[in-house]
Amino acid sequence: MRTLIFIVAFLVTGLTASAAETKIMIRAKARDAKFIGSSLGGAHIIVRNKINRQILAEGNTTGSTGNTDMIMKGAKTRGTLITDPQTAGFLASIDISEPTFVSIEILSPLNNKQAQASVSTELWLIPGKHILGDGIILEIPGFIIDILKPRTHQYIALNSIKGKLFPFQANIVMMCGCVIDKNGVWNSDEIEVKGILKKDGQYLKDVILSLVSTNLFEGSDLLNTPGNYELTVYAYHEKSGNTGVDKVNYVVYE
């Protein structure tokens with residue numbers, strides 16, 4: 001009996017000892033922009049065994065959005081890094097004893113639900129063979145849009161706005177939180193921003209929103225009748241294909 005226990009213990013120890021720590025750097029990068037890190041609350045990373053769906057590593061990206069010149073302005077040739085030690089990422093450390101096929105899922109931006117996107121990829125991990133440097137980079141398309149005026153489910157007295165231009169405002173940033181400005185790296189003049197206005201479920205009109213200060217877009221129109229209103233604000237950048245949407249409902253009453 002003791003001999004059997006010794007053999008089993010030896011085999012278990014041998015299997016455990018054969019497992020090797022395997023590190024993989026995972027990063028989320030906004031399309032046509034920089035990396036998603038601490039300033040935006042990070043991107044959420046899940047690494048799973050593709051066969052049995054076991055979670056092997058999970059966490060959030062931390063660090064900076066990266067070096068603008070290196071990412072957006074430098075010439076990119078094979079082997080050229082676009083990250084530095086401060087650039088946001090999640091370093092997964094996984095113990096595996098044999099080549100393992102894994103899926104990597106990124107949910108980002110973590111704290112902006114209306115803009116949240118999920119992207120994923122799959123690859124083989126080899127025991128002890130690290131994937132570092134730039135690592136695995138997954139691209140997150142879109143814009144983060146937050147409508148500021150009117151507020152969600154705001155009740156507005158008709159007599160307070162009748163005959164006056166009613167302001168619509170939205171804050172818009174890249175998916176990394178990078179700023180949008182006139183003639184900036186992310187040029188507001190290249191981004192179409194409109195509000196689609198509905199009243200009582202029926203299309204009413206489009207409202208053009210223009211940049212008034214960094215990230216802040218504004219438009220206005222007359223609202224002369226009571227009803228249940230819905231405002232959908234979208235942003236569209238033709239060159240990159242980035243899009244984003246936010247929506248609010250509000251009430252104008254007599």
Side-chain angles (χ1 to χ4, degrees), residues 30-34 36 38-42 65 68 72 107-117 140-254:
R31 177 183 292 175
D32 190 40
K34 297 164 68 179
I36 299 163
S38 301
S39 63
L40 204 62
T65 57
T68 302
M72 302 302 302
L107 189 66
S108 180
L110 185 58
N111 295 331
N112 298 85
K113 304 300 182 185
Q114 84 283 4
Q116 211 169 74
I140 312 294
F143 296 102
I144 299 173
I145 300 180
D146 294 294
I147 295 175
L148 305 179
K149 290 182 180 179
R151 303 187 309 274
T152 298
H153 212 247
Q154 182 178 357
Y155 275 71
I156 303 166
L158 181 60
N159 61 13
S160 70
I161 60 172
K162 195 166 186 178
K164 304 175 185 177
L165 287 174
F166 182 82
F168 303 101
Q169 283 188 348
N171 190 76
I172 305 176
V173 298
M174 305 302 293
M175 291 293 268
C176 53
C178 299
V179 300
I180 297 171
D181 215 343
K182 188 174 181 63
N183 298 321
V185 176
W186 299 277
N187 186 359
S188 61
D189 290 343
E190 298 179 351
I191 302 172
E192 177 185 319
V193 180
K194 281 186 179 179
I196 302 170
L197 197 60
K198 290 183 178 180
K199 176 180 171 291
D200 298 325
Q202 300 298 314
Y203 171 79
L204 191 61
K205 63 181 71 175
D206 286 351
V207 180
I208 296 174
L209 279 71
S210 302
L211 189 81
V212 293
S213 64
T214 301
N215 298 331
L216 183 64
F217 290 76
E218 187 174 284
S220 60
D221 212 311
L222 295 170
L223 300 179
N224 287 324
T225 56
N228 295 307
Y229 285 83
E230 178 181 279
L231 175 67
T232 301
V233 172
Y234 74 81
Y236 168 65
H237 185 232
E238 183 178 8
K239 290 181 180 179
S240 66
N242 275 326
T243 58
V245 170
D246 193 20
K247 184 182 294 187
V248 295
N249 294 87
Y250 60 99
V251 178
V252 176
Y253 67 93
E254 289 189 289

### Task
Could you list all the ring-ring contact (aromatic ring centres under 6.0 Å, His included) pairs where at least one residue sits in residues 158-183, not counting sequence neighbours?
Phe166-Phe168
[X]: side chain to side chain donor-acceptor pair (under 3.5 Å) partners, not counting sequence neighbours:
{"X": "Ser188", "value": "none"}
{"X": "Asp206", "value": "Tyr203"}
{"X": "Ser108", "value": "none"}
{"X": "Thr225", "value": "Tyr229"}

### Task
Identify, with sequence neighbours excluded, every residue that meets salt bridge (charged side-chain N to carboxylate O under 4.0 Å, His left out) alongside Lys149.
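Partners of Lys149 under the salt bridge (charged side-chain N to carboxylate O under 4.0 Å, His left out) test: none.
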### Message
Show every salt bridge (Lys or Arg N to Asp or Glu O under 4.0 Å) that has at least one partner inside residues 175-199, sequence neighbours left out.
### Response
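Counting only pairs at least two positions apart or across chains, the salt bridge (Lys or Arg N to Asp or Glu O under 4.0 Å) contacts touching residues 175-199 are Lys182-Asp189, Glu190-Lys239.
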### salt bridge (Lys or Arg N to Asp or Glu O under 4.0 Å) contacts touching residues 165-174 (sequence neighbours left out)
none
### Message
Suppose the criterion is side-chain hydrogen bond (donor to acceptor under 3.5 Å, both in side chains): which pairs have a residue in residues 160-173, not counting sequence neighbours?
### Response
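Residue pairs with at least one partner in residues 160-173: Gln169-Glu218.
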When the side chains of residues 245-254 are checked against the rest of the protein, which donor-acceptor pairs come out under 3.5 Å, sequence neighbours left out?
unit_1	atom_1	unit_2	atom_2	d
Asp246	OD2	Ile147	N	2.9
Asn249	ND2	Glu230	OE1	3.4

### Message
Run the ring-ring contact (aromatic ring centres under 6.0 Å, His included) test against Tyr234 and tell me which residues pass, sequence neighbours left out.
### Response
none
### Message
Under the rule for ring-ring contact (aromatic ring centres under 6.0 Å, His included), what residues qualify as partners of Tyr155, not counting sequence neighbours?
### Response
His153
